[in-house]
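Have a look at the structure below before the remarks.
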Amino acid sequence: MADGEQGSGQAGDQGGGAPVVRDAPERDRYEVHDEQGRLAGFAAYQRARGLVVMTHTEVDPAYEGRGLGSALVRGALDDLRAQGTAVLPLCPFVGAYIARHPEYRDVVYRAPASRGTD
């Protein structure tokens, strides 16, 4: 699996066959479901205080090429932005999505500047 839509517990049902993206915190991941409600993919994460580390994204091969991976990442990022949570994209798919969609750069975690001196 490697490719969904919005989070906040559940989100993204835009009707008419659109994929649905839901946060599944009990499984530490966002999930994308097809029009019939079948699980098509997920984006795994780890939570820390004010930060979500996106670690892995998968879409079932039967669903590849339908844009579900992009919808999944978009939904997760939209949900996390709405929560005011920063994202550290360790997953290459999530990182590549953000690189292609600069409108999501504001949600990417930025380490505070070091105040150490030599």
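Along the sequence shown, residues are numbered consecutively beginning with 1.
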Original post:
Given the rule in the side chain to side chain contact (heavy atoms under 4.5 Å, CB included) test, do F42 and T57 qualify, once you have shown the distances and angles that lead to the verdict?
Top reply: CA-CA 6 Å; F42 66 88; T57 304; over 6 Å; no
**OP:** For the pair Y104 and H101, name the ring-plane relationship: parallel under 30°, tilted 30 to 60°, perpendicular over 60°.
**Re:** perpendicular
Original post:
Just wondering, do V32 and V20 contact through their side chains at under 4.5 Å, heavy atoms?
Top reply: no
Original post:
Do you know which two heavy atoms are closest between R105 and A99, and how far apart they sit?
Top reply: NH2-O, 3.7 Å
Original post:
Honestly curious: do L88 and V52 fall in one hydrophobic cluster under the side-chain, below-4.5 Å linking rule?
Top reply: no
Original post:
Which residue, T55, D23, D28, forms the side-chain hydrogen bond (donor to acceptor under 3.5 Å, both in side chains) with Y45?
Top reply: D23
**OP:** Side-chain contact test, heavy atoms from C-beta onward, threshold under 4.5 Å: evaluate it for D78 versus L80 and give yes or no.
**Re:** no
Subject >> Exercise: identify the closest heavy-atom pair between Y30 and Q83 >> reply: OH-NE2, 3.9 Å
Subject >> Flag side-chain contact, heavy atom, 4.5 Å: R22 against H33 >> reply: yes
Original post:
Hey, what do you get for CZ (R47) to OG1 (T85), rounding to the nearest 0.5 Å?
Top reply: 6.0 Å
Original post:
Which atoms form the tightest heavy-atom contact between L39 and E31, and what is the distance?
Top reply: CD1-CB, 3.6 Å
Original post:
Got F93 and V73 here, is their nearest side-chain heavy-atom distance under 4.5 Å?
Top reply: yes
Subject >> Least distance between heavy atoms, V108 atom then P89 atom >> reply: CG1-CD, 4.2 Å
**OP:** Would you name the heavy atoms of S70 and R100 that are closest together and state the gap between them?
**Re:** OG-NH2, 4.2 Å
**OP:** Specify the closest pair of heavy atoms between A76 and M54, including all atoms of both residues, with the distance to one decimal.
**Re:** CB-CE, 4.3 Å
